[in-house]
Novice: 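Can you keep this structure in mind? I'll have questions shortly.
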Amino acid sequence: MSVPAAPAHDVDAVVLDIEGTTSATGFVVDVLYPYSRARFAELLTERAGEPVVARAMAQVRELTGEPDADAARIEKTLNAWLDEDRKATPLKSLQGVVWSEGFARGDLVSHFYDDVVPRLRAWHAAGLRLYVYSSGSVSAQRAWFANSPAGDLTPLLSGLYDTENAGPKQDARSYRRIAGSTGVPAGRLLFLSDRPGELDAARAAGWHAVGVRRPGEPYFEQGVGDHAQAGTFDEITVNNSRSTS
Ligand SMILES: CSCCC(=O)C(=O)COP(=O)(O)O
Ligand SMILES: [Mg+2]
């Protein structure tokens with residue numbers, strides 16, 4: 001299917017997906033996933049009393065319909081979800097605990113495609129607000145942006161959204177919730193993502209949407225349906241006619 005090139009977008013804010021959009025899925029799957037897999041057993045046994053861990057364990061039991069699942073059973077479920085890259089909220093919450101500690105310890109440094117950081121800085125300097133909306137938990141997102149090879153990028157960000165505070169990424173209601181939370185009208189928000197289902201949901205909520213198609217990413221061959229598309233952030237033209245900066 002032929003898809004249109006990305007037109008110029010007159011918006012107040014850009015909302016970023018991470019995996020497949022700002023950053024390589026291969027890095028997440030090859031570096032971050034093994035890091036969390038190796039630490040789940042200890043987290044679920046030694047720290048089950050911590051509120052975030054207890055809540056995630058309860059969510060796993062509910063999602064699987066296994067009210068009596070013990071730590072070993074929950075670990076098995078988490079690892080199966082990892083194998084299929086399932087974006088389950090409790091998996092993402094627990095990964096957020098493990099990864100944010102790994103970043104703080106210096107074990108991990110995040111990954112961004114070369115075009116991303118210069119473009120984020122340029123958009124921010126031009127008066128655009130930048131937000132993240134990822135399946136990765138808010139604490140994982142914060143650690144990801146704080147520990148980039150280019151240094152701490154969190155000062156560029158105005159807010160972080162995940163499936164816990166906004167809802168599922170393929171549901172238009174989540175995008176309406178984010179618009180309400182940011183105070184930016186839907187028609188002044190641009191969402192960048194690699195997944196057509198997410199772009200569909202953003203568009204259904206009245207947002208601008210551009211599919212980011214990077215060679216080697218899982219959705220590269222499938223494409224982004226009839227959405228405008230870009231191979232890098234340099235191909236995305238954003239201007240903010242309302243900016244005073
Ligand atoms: C720092 S978040 C790590 C990536 C991750 O776990 C994830 O699920 C990202 O999914 P996305 O919605 O950004 O495609
Ligand atoms: Mg993605």
Side-chain angles (χ1 to χ4, degrees), residues 14-37 39-40 56 78-79 81-104 107-113 116-117 120 130-149 152-154 156-157 159-171 174-175 178 190-202 209-225 227 229-233:
V14 181
V15 182
L16 307 157
D17 169 70
I18 294 178
E19 190 180 304
T21 301
T22 63
S23 308
T25 299
F27 182 90
V28 173
V29 170
D30 296 342
V31 177
L32 290 194
Y33 281 15
Y35 191 89
S36 55
R37 193 187 295 262
R39 287 161 180 80
F40 279 151
L78 295 174
N79 287 336
W81 287 347
L82 273 179
D83 289 339
E84 59 186 80
D85 195 10
R86 182 152 158 201
K87 310 289 190 186
T89 297
L91 168 65
K92 295 292 154 190
S93 301
L94 294 169
Q95 286 178 320
V97 173
V98 170
W99 291 339
S100 54
E101 292 171 359
F103 280 111
D107 288 352
L108 299 169
V109 175
S110 61
H111 168 270
F112 288 84
Y113 283 109
V116 171
V117 175
L120 296 185
L130 303 175
Y131 296 91
V132 178
Y133 180 29
S134 170
S135 307
S137 70
V138 162
S139 68
Q141 296 172 24
R142 191 174 293 111
W144 184 262
F145 278 82
N147 296 278
S148 89
D152 182 4
L153 303 175
T154 57
L156 300 177
L157 303 174
L160 305 170
Y161 296 96
D162 62 12
T163 57
E164 190 105 50
N165 67 6
K169 292 186 75 182
Q170 302 198 17
D171 185 334
S174 305
Y175 296 83
I178 291 171
L190 168 63
F191 185 52
L192 307 181
S193 176
D194 59 327
R195 296 206 182 200
E198 297 176 4
L199 298 164
D200 291 346
V210 172
V212 179
R213 281 184 76 195
R214 298 182 182 275
E217 287 293 340
Y219 284 83
F220 179 73
E221 296 299 337
Q222 178 184 331
V224 293
H227 293 278
Q229 66 170 352
T232 71
F233 280 17

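Along the sequence shown, residues are numbered consecutively beginning with 1. We count ligands from 1, going down the list as the structure has it; atoms in each ligand are counted the same way.
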Novice: If we count only N and O atoms by modelled type, under 3.5 Å, do the side chains of Thr89 and Glu164 hold a donor and an acceptor together?
Specialist: no

Novice: Return the set of protein N, O or S atoms whose distance to the Mg ion (ligand 2) is under 2.8 Å, each given as residue and atom.
Specialist: Asp17 OD1, Asp17 OD2, Glu19 O, Asp194 OD1

Novice: Quick one: list whatever passes side chain to side chain donor-acceptor pair (under 3.5 Å) with Arg39, sequence neighbours left out.
Specialist: none

Novice: Quick one: list whatever passes side chain to side chain contact (heavy atoms under 4.5 Å, CB included) with Ala88, sequence neighbours left out.
Specialist: Trp81, Arg86, Pro90, Leu91

Novice: Compile the protein residues with any heavy atom at a distance under 4.0 Å from an atom of ligand 1; present them by chain, then by number.
Specialist: Asp17, Ile18, Glu19, Val28, Lys87, Lys92, Trp99, Ser134, Ser135, Gly136, Ala140, Trp144, Lys169

Novice: Any carboxylate oxygen within less than 4.0 angstrom of a Lys/Arg side-chain nitrogen, looking at Asp171 and Lys169?
Specialist: no

Novice: Are the side chain of Gln141 and the backbone of Gly136 linked by a donor-acceptor contact shorter than 3.5 Å?
Specialist: yes

Novice: Check for a donor-acceptor pair, side chain of Gln170 on one end and backbone N or O of Ala201 on the other, with a separation under 3.5 Å.
Specialist: no

Novice: Is there side-chain contact between Arg142 and Leu160, with heavy atoms separated by less than 4.5 Å?
Specialist: yes

Novice: Judged by atom type as modelled, is there a donor-acceptor pair below 3.5 Å linking the side chain of Ser110 to the main-chain atoms of Asn147?
Specialist: yes

Novice: Quick check: do Ile178 and Phe191 have side-chain heavy atoms less than 4.5 Å from each other?
Specialist: no

